[in-house]
2 protein chains.
Amino acid sequence: MANIQQIAKRAGVSVATVSRVLNNSNSVSSKTRSKVEEAIQELKYAPSMLGRNLRNSESRLLLVLLPSISNPFYSEIINGIQNTAIANDYHILLCETDSKPERENIYFNMVKNKLADGVISMDPTINMKKLNELYEEHPIILCSEYEEGGCIPYVTVDSELAAYQAVKHLIKLGNERIALITSDEKFLYARQRRAGYERALEEFGLPVRENLIYHTKGLDFQNGVHAMRVLLQEDNKPTAVFAVSDTLAIGALKVINMESTTPIAVVGFDNISFSSMTNPTLTTVSQPMYNMGCHAVEMLISSIKGVKVENIVLEHELIIRESTMI
Amino acid sequence: MANIQQIAKRAGVSVATVSRVLNNSNSVSSKTRSKVEEAIQELKYAPSMLGRNLRNSESRLLLVLLPSISNPFYSEIINGIQNTAIANDYHILLCETDSKPERENIYFNMVKNKLADGVISMDPTINMKKLNELYEEHPIILCSEYEEGGCIPYVTVDSELAAYQAVKHLIKLGNERIALITSDEKFLYARQRRAGYERALEEFGLPVRENLIYHTKGLDFQNGVHAMRVLLQEDNKPTAVFAVSDTLAIGALKVINMESTTPIAVVGFDNISFSSMTNPTLTTVSQPMYNMGCHAVEMLISSIKGVKVENIVLEHELIIRESTMI
DNA sequence: AATCTAATTGTAATCGATTACATTTATGTA
DNA sequence: TACATAAATGTAATCGATTACAATTAGATT
């Protein structure tokens, strides 16, 4: 594979001139420019990013951290990230942590080793202490999950408000015993969504019953199945369920379909693509995932350029489908 | 951020020695080694991949091409790819083509520009002519979809046999009118799965009815919905359906649930995680996706090292669930 | 034609590592 | 102690681009 020297030689110019053509600097006469372009064609030359990156001390790669790629919630965000990155001549390194700390180290090192110019973290399980440490030296943006009062910039939605609206919707439909399927409250979003749930109940004078609040060990379908089974054991069964994620809600839906004698309304959170394919289709809170990804990249690129960025809170929307039309 | 020179100075040695410590070459005395390690600690040094990569003319990045990240079929493959890559000190660049040719060019250029050392393509819609051209200069492995009689090495499953077994299972259950929901036959897997479908029918003396074969425009849930609606218009409705992907099958399932007066058995293909969450759960062909990913990376790394690799055909398995237990 | 300015092109340093080869130091042997 | 050999370390070239600065050329002005 040819390098810039060979192009220079072939075109009878210096490497500087070739470089100028490559970066279309304006101070090249059209005559020499075409000589160089011809040489590039003839030798099928493609400039090496390795040389360029070293010289510019940048990799033009962005690290994207997420707990698991199979969680469909992230798919749309990644789409937004990918498109925005490419539009800005960046590429992304998608990294699953699987919530394993040893993975984290590998990924953090990629940044320290200059393999990536910055990080977008979407992983709620990430080690915030280490991330903050990394932030002292490298640009980072948090996407979706963030640290309250922390200093790393974030883009997110108002989870508390969204949960409040979702539960209010269930109450307006006449439900008084509304269960909450949520995850570990070490996660900010879980605390916020629970707060919204409670605010709605309180506003309508309904009691917050601890036995209607189930904490799952994870966000998988199976966790939703298990949660719903437990909730159906209650003497006074719930008439509706709000789950903090669609995958949990879909698990609950399955159990309701199979095992419940009475209909139970369900609301999820995220509006993953499968939520419109379930039976019944799922009422859920839609986050502007694609946009969230776009904003995250724009913020990160700004940070890389040294521009200070502001946090962004995007709008959500309650999508009403069959699961609350019983 | 410190560089190797500063470490050398601090430790009172030459850069060569520092480099030897970094790459734990054995010809360093333990005394100097600890001096160097101390300096590394003190200055919080992390070697730059930019310098190393240029010198070694490698990026240790692998390009992974897939049509769409939201298709859950790829999630597990990517898991396998990711883990195997990391185990070999590589990282992956996940790239969605969205089946857009202009994207292809961007990605192919990443390889030509040495940003990636090789390619794993899982995209059935990829431009094979260009890919073969790229293959002349760079290592490539095809994963899942491949080119019959082509020269690019691949890892895949026996689609024809799997389809044959799936349809045979439906026949054994007593079904005689079995529909096929398949995609465009420009894809090899579609041709192979149709061939398996026909072989099973013929073996049991059943006619291949063109009006029971529906070709979809894509692989989404909605395509399955539409296909099933059309099939239900037939005077002689099918009693069973074989779909060439789970997402299509899940779409069909939805329509059957809502609109069919008689039960219809359904078999899918891929065993995506959602196939065990549907209602009823879906009988499907399980491909060893994780393993496929692992093999693809191993083959690619071998190719990068200049070792010639053999094609691999992995075992599949028919997973019987509720959708064929009616 | 002589001079000045602007446009174009070239030279060489630089980014941060690795490594072949040269040199120094340590170790063993007679 | 002197010498041979092995181990440890250092010197400097190299990978392939970019770019500040210098040098050249072209064009304008008188």
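Throughout, a chain's letter reflects where its sequence line sits, starting with A, and its residues are numbered from 1.
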_B/Pro47 side chain near B/Ile4 side chain, heavy-atom distance below 4.5 Å_ = no
*Remember a base hit wins even if backbone is also touched, and classify A/Ser57 as base, sugar-phosphate or nothing at under 4.0 Å, heavy atoms.*
nothing
*Taking side chain as C-beta onward, heavy atoms only, is B/Tyr90 less than 4.5 Å from B/Leu300?*
no
*Can you check whether B/Phe73 reaches B/Gln287 side chain to side chain, under 4.5 Å on heavy atoms?*
yes
_DNA chain D-proximal residues of residues 3-19 of chain A, any heavy atom under 4.0 Å_ = A/Asn3, A/Ile4, A/Ala16, A/Ser19
*Residue pair A/Val297 / A/Ile120, side-chain heavy-atom distance below 4.5 Å*: yes
For residues 131-144 of chain B, which side-chain donor-acceptor pairs fall under 3.5 Å, sequence neighbours excluded?
from, atom 1, to, atom 2, distance (Å)
B/Asn132, ND2, B/Met128, O, 3.0
B/Asn132, ND2, B/Glu147, OE1, 3.3

_Five pairs per end, C1' atoms only: what is the angle between the end axes of the helix from C/dA1-D/dT30 to C/dA30-D/dT1, to 10 degrees?_
40°
*Could you walk me through whether B/Glu42 and B/Arg10 pass the salt bridge (Lys or Arg N to Asp or Glu O under 4.0 Å) test, one step at a time?*
CA-CA 9 Å; B/Glu42 288 172 357; B/Arg10 176 90 165 210; 2.7 Å; yes
*Heavy-atom donor-acceptor pair, B/Gln82 side chain to B/Ile92 backbone, under 3.5 Å*: no
At a cut-off of 3.5 Å, list every protein nitrogen or oxygen paired with a nitrogen or oxygen from nucleotides 22-26 of chain D, distance to 0.1 Å.
none

_So, taking the atom named OG1 in A/Thr84 and the one named CD in A/Glu298, what distance separates them when rounded to the nearest 0.5 Å?_
5.5 Å
*Heavy-atom distance under 4.5 Å between the side chains of A/Arg33 and A/Glu37, does that happen here?*
yes
*5' precedence on DNA chain D between B/Arg55 and B/Lys31 (nearest-nucleotide basis)*: B/Lys31
*With a non-hydrogen cut-off below 4.0 angstrom, is A/Leu50 in contact with a base, only sugar-phosphate, or nothing?*
nothing
*Taking atom types as modelled, find out whether B/Asp123 and B/Thr125 have a side-chain donor-acceptor pair closer than 3.5 angstrom.*
yes
*Does anyone know the first and last nucleotide of DNA chain C in reach of chain A, 5' to 3', at under 4.0 angstrom to a heavy atom?*
C/dT8 to C/dG16
With a cut-off of 3.5 Å and sequence neighbours excluded, list every side-chain donor-acceptor pair involving residues 108-119 of chain B.
from, atom 1, to, atom 2, distance (Å)
B/Asn109, ND2, B/Asn105, O, 3.4
B/Asn113, ND2, B/Asn109, O, 3.1
B/Asp117, OD1, B/Ser59, N, 2.9
B/Asp117, OD1, B/Ser59, OG, 3.0
B/Asp117, OD2, B/Ser59, N, 3.2
B/Asp117, OD2, B/Arg60, N, 2.7

*asked:* Need one value for B/Asn53: base, sugar-phosphate or nothing, where a base atom within 4.0 Å counts as base even if backbone is also close, heavy atoms only.
replied: nothing
*Of all heavy-atom pairs between A/Ser14 and A/Ala8, which one has the smallest distance, and what is that distance?*
C-CB, 3.7 Å
*asked:* Measuring only between side-chain heavy atoms, which start at C-beta, is A/Glu145 closer than 4.5 Å to A/Thr156?
replied: no
